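For this chain, numbers begin at 1 and follow the sequence in order. Just so you know, ligand 1 is whichever comes first in the structure, and atom 1 is the first atom listed for that ligand. Computed from a predicted model, the values in this text were never measured in an experiment.
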Amino acid sequence: MSKVRVGIVGSRFQADCIAGAVKAVPEEAELVAVASPTKGNAADFAERHGIANAYTDYRDLLRDKQVELISITAPNNLHAQITIDAAKAGKHVVCEKPLCITLDEADAMIDACKTAGVLLLYAEELFFAPKYVKAKQMADEGAFGRVHLVKQGEKHSGPHSPWFWDVQQSGGGAVMDLGCHGIAFCWWFLGKPKVKSVYSQMSQQVKRERAQGEDEAITIIEFENGALGVVENSWNRPGGMDDSIEVFGDKGQTYADMLMGNALPTYSEVGFGYAVEKAATTKGWSYPVFEEHWNYGFPQEMRHFARCVRGKETPIADGETGRVVQEVLYAAYASAGQGKKIALPFRPKGVKKPIDLWKNP
Ligand SMILES: NC(=O)c1ccc[n+]([C@@H]2O[C@H](COP(=O)([O-])OP(=O)(O)OC[C@H]3O[C@@H](n4cnc5c(N)ncnc54)[C@H](O)[C@@H]3O)[C@@H](O)[C@H]2O)c1
């Protein structure tokens with residue numbers, strides 16, 4: 001069957017990851033277009049990745065007949081509108097995390113894609129990260145007995161682009177940005193059970209001047225089967241991205257450190273080009289990682305999504321996945337605001353952005 005023709009919306013950090021992922025699975029997909037509003041950026045990106053068509057307006061990309069599947073790598077507050085426009089244009093959608101800002105948007109995105117008969121795929125690469133997939137395979141085999149606690153942490157020194165710090169565009173702080181991964185991870189790892197309650201402690205510890213949202217958070221998710229998920233997030237950990245899991249059952253446990261655990265413990269007095277995402281320096285001790293995208297699962301995710309478009313596989317991360325995460329995000333912010341556990345289902349009305357549930361409980 002022919003390769004799935006991909007158009008990318010956005011041209012910076014995650015757009016590069018997606019372009020790398022598509023190029024890593026040439027038997028399944030190819031890049032045909034990119035759209036980005038800043039003058040020259042789409043053209044530069046197209047040249048860098050060998051893409052034929054570059055647009056400044058994503059709606060022109062949606063009119064491009066070549067494009068079958070779009071990947072949205074724009075700020076969070078734009079995900080819903082771009083998805084709905086793409087669905088109307090008959091394009092399948094891969095949407096970056098978090099799915100959107102509000103639960104109403106999540107519903108509208110899912111409905112628009114359903115109505116148009118296109119796929120809405122949710123880009124949660126942790127479902128494809130080789131170490132984490134191995135941990136899940138062992139758990140599903142029974143290696144740890146009944147798993148009662150799953151922990152996931154994602155921590156770094158703070159976002160690279162100004163819009164992440166602006167809650168109007170991002171919807172919140174470290175939990176919205178990084179916690180969405182951990183929420184999805186715990187839910188997926190445990191076999192997608194119903195969420196019973198959420199407790200979250202959020203604070204601004206270090207970046208009070210810059211962060212409108214939380215820069216530190218611990219979130220506890222209680223699942224219907226009694227198991228717990230613990231999600232730890234920070235924008236205050238220098239030294240490069242820290243992404244790790246711990247899994248505990250009555251018959252065993254496993255630990256996985258996605259990046260540092262696959263790195264070369266390195267000391268250099270003079271430094272070198274690149275170590276790992278968000279590492280500010282390569283002088284002194286550092287942890288240069290190899291096959292970074294593969295360790296995250298980006299190419300494996302793209303292969304799966306392309307195969308879903310061709311009907312060869314069934315999505316394991318879709319709009320519904322994003323909505324589950326979105327509801328837990330709401331509950332986490334509300335919990336931080338009210339200082340108590342929030343029971344699900346949780347669907348407060350009139351929410352403009354999740355962080356409001358913390359700041360104005
Ligand atoms: N899966 C992951 O691990 C991961 C990692 C990083 C970012 N992300 C997500 O990807 C998305 C983008 O993040 P990023 O780090 O690439 O941000 P970024 O700031 O590096 O890039 C954002 C891009 O969006 C473009 N953009 C802004 N307005 C636009 C519009 N109207 N139409 C089209 N493009 C527009 C910008 O020009 C820029 O190219 C966010 O939702 C973020 O949460 C996911």
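- Nearest protein neighbour of atom 27 (C) of ligand 1, counting heavy atoms only, is Pro75 CD, 3.5 Å.
- In terms of protein heavy-atom proximity, atom 43 (O) of ligand 1 is nearest to Lys97 O, 2.8 Å.
- Salt bridge present: Arg347 and Asp107 bring a charged side-chain N and a carboxylate O closer than 4.0 Å.
- In this structure, Ser36 contributes its side chain and Thr38 its backbone to no donor-acceptor pair below 3.5 Å.
- Closest protein heavy atom to atom 17 (O) of ligand 1: Trp163 NE1, 3.3 Å.
- The proximity of Leu78 to ligand 1, defined as any non-hydrogen pair under 4.0 Å, is limited to the side chain.
- Scanning the protein for heavy atoms near atom 3 (O) of ligand 1, the closest one is Glu125 OE2, 2.7 Å.
- Summarising the contacts of atom 11 (C) of ligand 1 with Ser36, Ala123, Gly10, Ala74, the nearest heavy atom is found in Ala74.
- Of the candidates Arg12, His181, His160, Gln169, it is His160 that places a heavy atom closest to atom 14 (P) of ligand 1.
- Distances from atom 26 (N) of ligand 1 to the heavy atoms of Cys95, Pro37, Ala35, Cys180 put Pro37 nearest.
- Residue contacts with ligand 1: Ser11 is placed with a nitrogen or oxygen under 3.5 Å of a nitrogen or oxygen of the ligand (distance criterion only).
- Remark: Lys155 fails to qualify as a cation-pi partner of Trp235 under the 6.0 Å distance and 45° angle criteria applied to the six-membered ring.
- The pair Glu68-Arg5 meets the salt-bridge criterion, with a side-chain N (NZ, NE, NH1 or NH2) lying under 4.0 Å from an Asp/Glu carboxylate O.
- Every residue two or more places apart in sequence or in another chain that forms a ring-ring contact (aromatic ring centres under 6.0 Å, His included) with His160 is listed here: Phe13, Phe164.
- Remark: side-chain polar atoms of Glu301 are paired, donor with acceptor, to backbone N or O of Glu125 under 3.5 angstrom.
- Here Lys353 contributes atom NZ and Glu105 contributes atom CD; the two are 12.0 Å apart, rounded to the nearest 0.5 Å.
- His79 counts as a contact of ligand 1, since one of its heavy atoms falls under 4.0 Å from the ligand.
- Distances from ligand 1 to the non-hydrogen atoms of Tyr296 include no value under 4.0 Å.
- The part of Glu96 lying near ligand 1 is the side chain, judged by heavy-atom distances below 4.0 Å.
- Nearest to atom 16 (O) of ligand 1 among the protein's heavy atoms is Gln14 N, 2.8 Å.
- Between Asn76, Asp16, Asn41, it is Asn76 that holds the heavy atom closest to atom 41 (O) of ligand 1.
- The protein non-hydrogen atom at the shortest distance from atom 19 (O) of ligand 1 is Ser161 OG, 2.6 Å.
- Here Asp111 does not pair with Lys114 in a salt bridge; the nearest charged N to carboxylate O distance is not below 4.0 Å.
- Across all non-hydrogen atoms, the minimal contact from Phe290 to Asn295 is O-ND2, 2.9 Å.
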Worked verdict on Phe45 versus His49 for ring pair (Phe, Tyr, Trp, His ring centres under 6.0 Å)
CA-CA 6 Å; Phe45 187 89; His49 291 290; 4.5 Å; yes
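- Looking only at protein heavy atoms, the nearest one to atom 23 (C) of ligand 1 is Thr73 O, 3.4 Å.
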Quick one: do Tyr132 and Phe185 satisfy ring pair (Phe, Tyr, Trp, His ring centres under 6.0 Å)? Show the steps, please.
CA-CA 9 Å; Tyr132 295 177; Phe185 177 83; 5.2 Å; yes
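- At least one heavy atom of Val9 sits less than 4.0 Å from an atom of ligand 1.
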